[in-house]
Amino acid sequence: MAKKEYRTYRGMRDFLPSQMRRRDYVFNVLREVFEAHGFEKIETPAIELWEVLSGKYGEEEKLIYRFTDRKGREVGLRYDLTVPLARFVAQHRSELVFPFKRYQMERVWRADRPQKGRFREFYQCDADIVGSPSMMADAQIITIIYDALTRLGFKRFLIRINNRKLISALHRKIGEGDEFSLARAMDKLDRVGLDGVKDELLSRGFSPSAAERVIAAMSLTSLKEANKFFGEEEGIYELEELFSYLKAMGIPDDFYSYDPSLARGLDYYTGPIFETVVEEPRIGSITGGGRYDKLIGSFAGTEIPATGTSLGVERIITVMEELGMFPEKISPPAHILLAHFRDTRAEALKLASQLRQKGIKVDVYCGEKGLRAQLGYASQKGIPLVGIVGEEIKKGMISLKNLLTQEQSEVPVENLEKFIRGLYYFDFG
RNA sequence: GUGAGCGUAGCUCAAUGGUAGAGCAUUGGACUGUGGAUCCAAGGGUUGGGGGUUCAAAUCCCCUCGCUCACCCCA
């Protein structure tokens with residue numbers, strides 16, 4: 001036996017079957033929501049050439065896993081799914097139908113220090129619309145966020161919405177400092193409060209009068225007020241249009257709001273930006289996204305507008321675990337286990353094949369132990385039904401035991417499929 | 001990158017500076033037709049690693065590695 005202690009690399013995880021069932025449940029719901037909105041799935045490679053990744057993330061770039069391959073080419077593990085999408089669109093432009101609506105559910109990597117809800121290897125589920133400058137596209141993205149979270153059972157969440165153009169406008173209005181620094185300070189609101197933001201601005205070299213104006217801008221609670229404050233601004237018109245579409249699509253208005261403090265860290269956003277927060281538990285944002293009209297142009301040569309969101313599945317799963325939101329019965333590893341004795345093995349295997357052809361998930365115990373152990377096996381794996389293939393098989397009968405209710409009865413083999421399908425707790429899709 | 005807490009059997013955890021233990025898990029048996037069992041037995045540890053203080057260190061001190069949490073930032 002190896003004595004060395006092995007473990008997973010920091011921030012990376014194994015998933016047990018019981019965990020995978022829950023994860024897949026979430027992924028399946030998301031897939032259904034994406035497809036309900038007409039989005040098509042694509043995949044892209046884990047590794048991108050360094051020139052694809054570099055210069056897209058600002059400060060975050062230092063968190064990209066970067067290395068050289070055997071021939072000395074600079075490459076990196078993808079940091080998100082948005083930049084690879086931009087490269088993908090530029091590369092396959094002639095083969096795509098625009099506006100192009102795609103979703104992606106894949107791993108990304110960040111050389112970050114792990115903590116609660118943060119990993120070095122994790123999945124993101126992204127939905128983006130490429131090739132439409134219309135606020136209809138942004139509205140559809142936000143609707144997807146709402147639909148996905150609602151279908152997963154979230155009762156309360158808030159989609160915060162702002163526009164990068166308004167941060168630029170505010171920066172122009174105060175006429176000092178740099179925009180990035182301004183955005184950073186504003187983004188701290190929910191952690192340090194208005195006074196904290198003011199201190200942050202002063203320590204970043206903004207004048208007291210500038211800080212006052214920023215605080216005033218951040219105290220705006222509605223688009224109407226924002227309109228008065230900013231005057232004629234494209235960013236305001238965009239949000240007004242966006243909100244009118246959200247209303248038309250029936251999103252309850254207490255699930256989203258204009259939030260002048262939302263800034264978002266990534267460099268590539270150019271228009272409306274949005275992220276979703278939950279109050280319990282404290283975990284940071286569970287979705288994040290926005291419009292990025294210039295990014296694809298940096299690959300394609302010509303500008304191609306785009307907007308989209310990333311759903312933070314890992315955090316969504318963490319929240320669902322902590323709040324006990326997973327349904328009691330996520331589909332079992334098998335609908336039925338066929339238990340057998342030494343002289344009925346062949347019969348059990350034959351019956352298993354027949355049932356599988358009818359779409360039943362059948363497990364057959366493949367160890368050398370007796371009935372006692374086989375029942376324990378089913379019980380521990382969470383298989384709710386055991387078909388005991390014993391000598392009654394000669395009469396065309398098997399004993400069917402329901403482990404949840406303790407009930408047992410002899411059932412003719414030809415009725416078995418119907419019997420299994422009749423049980424309320426199975427979902428046969 | 002900054003800070004705090006914690007590392008004892010495969011897992012969860014005990015042990016005032018004084019003989020390293022329990023439960024679960026594993027393996028064998030009671031036990032080839034009725035389930036998470038019960039009983040018996042067995043295996044399993046340089047107490048993360050290294051150094052120091054001490055008659056004596058899992059326990060105190062230093063270094064190091066690892067994990068967790070928070071900050072930064074983010075999904």
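Numbered from 1 within each chain, the chains take letters A, B, ... in sequence-line order.
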Under-3.5 Å N/O pairs linking protein and nucleotides 24-29 of chain B:
none

So which protein nitrogen or oxygen atoms get under 3.5 Å of nucleotides 3-8 of chain B's nitrogens or oxygens?
| unit_1 | atom_1 | unit_2 | atom_2 | d |
| --- | --- | --- | --- | --- |
| B/rG3 | O6 | A/R113 | NH2 | 2.8 |

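Side-chain nitrogen and oxygen atoms of A/R10 include at least one within less than 4.0 Å of the OP1 or OP2 phosphate oxygen of B/rC67. For the pair A/Q115 and B/rC69, the criterion of a side-chain N or O lying under 4.0 Å from OP1 or OP2 is not met. Contact between the side-chain N/O atoms of A/K381 and the OP1/OP2 oxygens of B/rG36 is not found at any separation under 4.0 Å. Under 4.0 angstrom from either OP1 or OP2 of B/rG35 there lies at least one side-chain N or O belonging to A/R372.
Whole-Å rounding puts the A/L262 CG to B/rC73 P distance at 14 Å. When the C1' atom of B/rU34 is taken as reference, atom CG of A/L375 falls 5 Å away, rounded to whole Å. With rounding to whole Å, A/Y79 atom OH is found 7 Å from B/rC74 atom P.
Evaluation of the ring pair (Phe, Tyr, Trp, His ring centres under 6.0 Å) test over residues 305-333 of chain A, restricted to residues two or more places apart or in two chains, returns none.
A salt bridge is defined here as a Lys NZ or Arg NE, NH1 or NH2 lying under 4.0 Å from an Asp or Glu carboxylate O, and A/E303 with A/K294 meets this definition. We find that A/K101 and A/E40 are not joined by a salt bridge, their nearest charged nitrogen and carboxylate oxygen being 4.0 Å or further apart. Using a cut-off of 4.0 Å between Lys/Arg side-chain N and Asp/Glu carboxylate O, A/E347 and A/K394 are scored as not salt-bridged.
Remark: aromatic rings of A/Y256 and A/F243 are close, center separation under 6.0 Å. The aromatic ring centres of A/Y103 and A/F39 sit 6.0 Å or more apart.
At distances below 3.5 Å, at least one donor-acceptor pair connects side-chain atoms of A/S207 with backbone N or O atoms of A/A210. For the pair A/E200 (side chain) and A/K188 (backbone), a donor-acceptor distance under 3.5 Å is absent.
Across all strands, A/I286 comes closer than 4.0 Å only to sugar-phosphate atoms, never to a base (heavy-atom distances). Counting non-hydrogen atoms under 4.0 angstrom, A/E392 reaches a base of the nucleic acid. Among the atoms of the strands shown, none is found under 4.0 Å from any heavy atom of A/G370.
A distance of about 15 Å separates the C1' atoms of B/rG1 and B/rC74, rounded to the whole Å. With C1' as the reference atom, B/rG29 and B/rA14 are 30 Å apart, rounded to whole Å. Distance check on atom P: B/rU16 versus B/rU34 gives 48 Å, rounded to whole Å.
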Task: Trace of the side chain to side chain contact (heavy atoms under 4.5 Å, CB included) decision for A/V197 with A/I215 - done: CA-CA 8 Å; A/V197 172; A/I215 297 300; 4.3 Å; yes
Open item on the list: Evaluate A/R164 against A/E238 for salt bridge (charged side-chain N to carboxylate O under 4.0 Å, His left out), listing each step before the verdict.
Closed with: CA-CA 11 Å; A/R164 265 287 167 88; A/E238 285 181 352; over 6 Å; no
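Qualifying ring-ring contact (aromatic ring centres under 6.0 Å, His included) partners for A/F88, counting only residues two or more places apart in sequence or in other chains: A/H92. Residues passing the side-chain contact (heavy atoms from CB on, under 4.5 Å) test with A/S298, sequence neighbours excluded: A/K56, A/L295.
Here A/Y377 does not pack flat against the base of B/rG35, since the 5.5 angstrom centre distance and 30 degree tilt limits are not both met.
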- [ ] Taking Watson-Crick and G-U wobble pairs with both distances under 3.5 Å, convert RNA chain B into its dot-bracket string, 5' to 3', dots for unpaired and | for cross-strand pairs.
- [x] (((((((..((((....[..)))).(((((.......))))).....(((((..]....))))))))))))....
